[in-house]
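Computed from a prediction, not measured in an experiment: that's the story for all the values here.
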Amino acid sequence: MFAIYNNGSVGFRSTADNLYELKNLDAPAEARLKPDDDTLFQDYLDHEKKDKQTEQKNQKAVNAYKKMANLDTSEEVYQVQDIMTKDIIYIDNKASVEQAYEKLKEESVSHIPIVSFGKKIIGIINKKTILNLLIEDIENYQNILNRNLEDLVLKEVITADPTADIRSVCKVMLDFKIDAIPIVNEEDIIVGIVSKTDIIKAVSHLPKLQLWS
């Protein structure tokens, strides 16, 4: 399950398929990654069943495809809570833009979730966002740095719930060009974050982890 937050308000909460529909973005073609999907070869098989030898060759092609895709439907499906960073670095929405920048630099992180009272998700900020704010009004840069985060018009943020399939989260991150996704529970409280770094670590430590369905 995914959600879209706009300055703390939930504008969408539904499945990945509905997320793609909302954003008018085509979901990844399942045929190239879907386990046990023989449809890629079906037309070929229908027209080439001339003899037993040909049929055997076709089956070898199907098996080769499955092996190439490195898919095994018997493998465990991981949820995003299994690989997310639980020790979250976040910043209060009453902090200033300058404080957010200092925290990004101090913690050596690329993104910091912005939260309100009770760790409820408001948005997410990075150095690029801060740079864009300064460029828009460079002559008043100090005023911008002194502004509270709650006064900014933040971009909407896509989140996932803790039980989301890690494969769906990976697809959304790739297709929407997202570097990090906050993990938020039903009470809108942030409980973790997943970045590209977390995924790379998971792949290296969990050999059976599948990143696509």
Quick check for you: to the nearest 0.5 Å, what is the distance between [X] atom [atom1] and [Y] atom [atom2]?
| X | Y | atom1 | atom2 | value |
| --- | --- | --- | --- | --- |
| T159 | Y5 | OG1 | OH | 5.0 Å |
| D175 | C170 | CG | SG | 11.0 Å |
| N148 | I114 | CG | CD1 | 11.0 Å |
| T163 | D165 | OG1 | CG | 9.5 Å |
| N7 | D151 | CG | CG | 10.5 Å |
| I144 | E98 | CD1 | CD | 12.0 Å |

Minimum heavy-atom distance [X]-[Y], with the two atoms named:
| X | Y | value |
| --- | --- | --- |
| F176 | Y20 | CE1-CE2, 3.8 Å |
| V97 | L152 | CG2-CD1, 3.9 Å |
| I91 | A100 | CD1-CA, 3.5 Å |
| I183 | D161 | CG2-C, 3.8 Å |
| P162 | V80 | O-CG1, 3.3 Å |
| P113 | I121 | CB-CD1, 4.0 Å |

Exceeds 12 heavy-atom contacts within 6.0 angstrom, atom OH of Y90
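Check fails, neighbour count at 12 or below.
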E186, CD atom: more than 12 neighbouring heavy atoms under 6.0 Å
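Counting neighbours around CD of E186, 12 or fewer heavy atoms of other residues, nucleotides or ligands fall under 6.0 Å, so no.
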[X] side chain near [Y] side chain, heavy-atom distance below 4.5 Å:
| X | Y | result |
| --- | --- | --- |
| N93 | V115 | no |
| V194 | M173 | yes |
| I122 | E150 | no |
| T85 | T197 | no |
| R13 | D188 | yes |

Any side-chain donor near an acceptor of the partner, S195 and D198, under 3.5 Å:
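Note: S195 and D198 side chains meet the donor-acceptor criterion.
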Do T15 and D17 meet the criterion of a side-chain donor-acceptor pair at a distance under 3.5 Å?
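Checked: T15/D17 side chains show no N/O donor-acceptor pair below 3.5 Å.
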Hydrophobic clusters here meaning ILVMFWY residues chained together by side-chain heavy-atom distances under 4.5 Å, can you tell me if [X] and [Y] are in one?
| X | Y | value |
| --- | --- | --- |
| L104 | L154 | yes |
| L19 | I181 | yes |
| M1 | Y78 | no |
| I124 | I89 | no |
| Y141 | I125 | yes |

Any pair counted as side-chain hydrogen bond (donor to acceptor under 3.5 Å, both in side chains), so long as it reaches residues 105-132, sequence neighbours left out:
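Counting only pairs at least two positions apart or across chains, the side-chain hydrogen bond (donor to acceptor under 3.5 Å, both in side chains) contacts touching residues 105-132 are N126-T129.
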Is D92 paired with K94 through a side-chain N to carboxylate O contact shorter than 4.0 Å?
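No, this pair does not count.
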For a side chain to side chain contact (heavy atoms under 4.5 Å, CB included) check, start with the C-alpha distance between Y101 and L145, then their side-chain angles and the critical distance, and finish with the verdict.
CA-CA 9 Å; Y101 174 77; L145 291 175; 5.7 Å; no
Result of checking I193, V191, V169, I166 against M84 for side chain to side chain contact (heavy atoms under 4.5 Å, CB included):
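It is V191; the other options fail the test.
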